[in-house]
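Just so we're on the same page: letters track the sequence lines, and every chain starts at 1. All values derive from a computational prediction rather than experimental measurement. Quick note: numbers below take in every heavy atom, side chains included, and nothing from hydrogens, waters or symmetry partners.
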Number of protein chains: 2
Amino acid sequence: MDSKDKILNAALKLFIREGFHGTSTAKIANEAGISNGTLFHHFKTKEDLINRLYISVKENYKNYLLGQMEPCETTKGKIKQLWNTCVRWNLENKDGATFFAMFANSPYIDKLSKEEASRNFTFISELFQESIDAEVLISVNPNLMISSFHGSVKAFVSFIANNPENLDLDEHIDIAFKMWWRSVANI
Amino acid sequence: MDSKDKILNAALKLFIREGFHGTSTAKIANEAGISNGTLFHHFKTKEDLINRLYISVKENYKNYLLGQMEPCETTKGKIKQLWNTCVRWNLENKDGATFFAMFANSPYIDKLSKEEASRNFTFISELFQESIDAEVLISVNPNLMISSFHGSVKAFVSFIANNPENLDLDEHIDIAFKMWWRSVANI
DNA sequence: GTCTATAAGCTGATAGAC
DNA sequence: GTCTATCAGCTTATAGAC
């Protein structure tokens, strides 16, 4: 792992544990095992580091989704697989998910970074548009559909995070997807 | 308006515009029109200020909900009214909603504040539990139902925020509620 | 309750040697 | 690319007068 990645990993870990304010560049450098000067060789400013971290986590998310998706015949199957995979990334990458929750609306993330990051997820928009056109999904504003999708994923992940009883994960993933599917399926 | 409220208002405004890190106590005091010393007379530390602000916004949310709710015969009517009212608070109090999104998962908000704030919302839990018992809502884990409810509200609000075309708000509120209702109604 | 004055310590960032 | 040394400025918080 090169220095840049060491720094990004250390920053993610510290930001979610102690917040942006509580995490100085010195702490990040220390956690990464490099010097403060080296940090500023790789990142122009602290804000630059935050933005690059944001883009990096988003890209990790995208690659996970594309890597896990298998060919699937039906439209419903494709969407279910996407939903499941989103949930699993969020559960397996809690640091990344928390970082999004903390910083997605924050002023530290500039508009350019947001646009660059969201450009990676156009394949989701396309899937929904196709599904609406094919009358598999109800005919509503596609952006409302996408908001509903992500909202459902986030709500389920937050439910799992806050209810650490020994409940059957696969069973509840199925229940939650079926609930969401009823709200958007064209039947 | 007394100094304490002036400080809380100024802090909310600055936190969402410039972030926690970018907002010094001096800036807050200046925006509030009082001195830095006075700020520390009312709030023990900056972290104390953040936590008190969090509780204050949550309380404002609760009072809005309780104030707007009118007596309603049917269970579905009650839930629809609650959903609508939640959406309207989030749309009318964008600063508060953004503050939640930014800080709800953050380390600045301590556990005691979270508990104190969530204790105000037990009436929502009770409504859902009753509705499940009455077989108006499907029989799932009540916490999953609550997560789904808040997730649906947040998803809709985020859709409205990101799609500022001149779409009919009331019409879309109806559409979005109907979508969510299909996912939880016991029919 | 409110103000001014003050300070110790930390912050992000730079310069320059290797 | 990485390090050490360094700093100017800002940070939270306090003390004490009114």
Side-chain angles (χ1 to χ4, degrees), chain A residues 1-57 59 95 99 102-103 105-114, chain B residues 1-57 99 102-103 106-113:
Chain A
M1 190 162 51
D2 64 9
S3 291
K4 213 162 66 181
D5 288 335
K6 278 189 211 160
I7 295 167
L8 288 174
N9 284 345
L12 177 58
K13 183 175 167 185
L14 291 171
F15 283 155
I16 61 155
R17 196 169 66 202
E18 311 188 31
F20 180 54
H21 161 257
T23 304
S24 63
T25 54
K27 275 188 192 169
I28 297 171
N30 190 54
E31 174 78 28
I34 52 99
S35 77
N36 198 39
T38 300
L39 188 149
F40 282 95
H41 173 78
H42 289 285
F43 301 93
K44 208 178 167 188
T45 62
K46 190 179 173 181
E47 219 168 308
D48 178 40
L49 166 57
I50 314 246
N51 280 276
R52 300 262 288 279
L53 177 59
Y54 181 75
I55 292 172
S56 152
V57 177
E59 221 157 62
D95 287 4
F99 178 77
M102 285 173 64
F103 289 100
N105 287 339
S106 102
Y108 311 130
I109 313 284
D110 61 39
K111 280 181 186 169
L112 275 177
S113 301
K114 275 189 191 168
Chain B
M1 192 162 49
D2 63 9
S3 290
K4 215 162 64 181
D5 287 336
K6 276 189 211 161
I7 295 167
L8 288 174
N9 285 344
L12 177 58
K13 183 175 167 184
L14 291 172
F15 283 155
I16 62 154
R17 197 168 65 203
E18 311 189 32
F20 181 54
H21 162 256
T23 304
S24 63
T25 55
K27 275 187 192 168
I28 297 171
N30 190 54
E31 175 78 27
I34 51 100
S35 78
N36 197 40
T38 300
L39 188 150
F40 281 96
H41 173 77
H42 289 285
F43 300 94
K44 209 178 165 188
T45 62
K46 189 179 174 182
E47 218 168 309
D48 179 38
L49 165 57
I50 313 246
N51 279 276
R52 300 262 288 280
L53 176 59
Y54 181 76
I55 291 172
S56 153
V57 177
F99 178 76
M102 283 173 65
F103 290 99
S106 101
Y108 311 131
I109 312 284
D110 61 40
K111 280 181 187 168
L112 276 175
S113 301

Applying side chain to side chain contact (heavy atoms under 4.5 Å, CB included), can you list everything that pairs with [X], at least two apart in sequence or on another chain?
{"X": "B/Ser24", "result": "B/Ala26, B/Lys27"}
{"X": "A/Ala32", "result": "A/Lys6, A/Ile7, A/Ala10, A/Ile34"}
{"X": "B/Ser35", "result": "B/Thr38"}
{"X": "A/Asp48", "result": "A/Phe43, A/Lys44, A/Thr45, A/Arg52"}

What integer distance in Å separates [X]:[atom1] from [N]:[atom2]?
{"X": "A/Ile34", "N": "D/dT4", "atom1": "CD1", "atom2": "P", "answer": "11 Å"}
{"X": "B/Asn30", "N": "C/dT4", "atom1": "CG", "atom2": "P", "answer": "11 Å"}
{"X": "A/Ile7", "N": "D/dG1", "atom1": "CD1", "atom2": "P", "answer": "11 Å"}
{"X": "A/Met1", "N": "D/dT2", "atom1": "CE", "atom2": "P", "answer": "13 Å"}
{"X": "B/Lys4", "N": "C/dT2", "atom1": "NZ", "atom2": "P", "answer": "11 Å"}
{"X": "A/Tyr108", "N": "C/dG12", "atom1": "OH", "atom2": "P", "answer": "11 Å"}
{"X": "A/His41", "N": "D/dG1", "atom1": "NE2", "atom2": "C1'", "answer": "5 Å"}
{"X": "A/Ile28", "N": "C/dC10", "atom1": "CD1", "atom2": "C1'", "answer": "15 Å"}

Counting the benzene-type ring for Trp, do A/Tyr108 and A/Phe20 have ring centres under 6.0 Å apart?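 Yes, close enough.
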Does A/His42 place a side-chain N or O at less than 4.0 Å from the phosphate oxygens OP1/OP2 of D/dT2?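 True: A/His42 side-chain N/O within range (under 4.0 Å) of D/dT2 OP1/OP2.
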Check this one for me: any side-chain N or O of B/Ser35 less than 4.0 Å away from OP1 or OP2 of C/dT4?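 For C/dT4, OP1/OP2 do not have a side-chain N/O of B/Ser35 under 4.0 Å.
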ring-ring contact (aromatic ring centres under 6.0 Å, His included) contacts in which one or both residues fall within residues 23-42 of chain A, not counting sequence neighbours: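 Residue pairs with at least one partner in residues 23-42 of chain A: there are none.
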Output one letter per nucleotide in nucleotides 11-18 of chain D: B when a protein non-hydrogen atom lies under 4.0 Å from the base, S when only the sugar-phosphate is that close, - when neither is. SBBB----
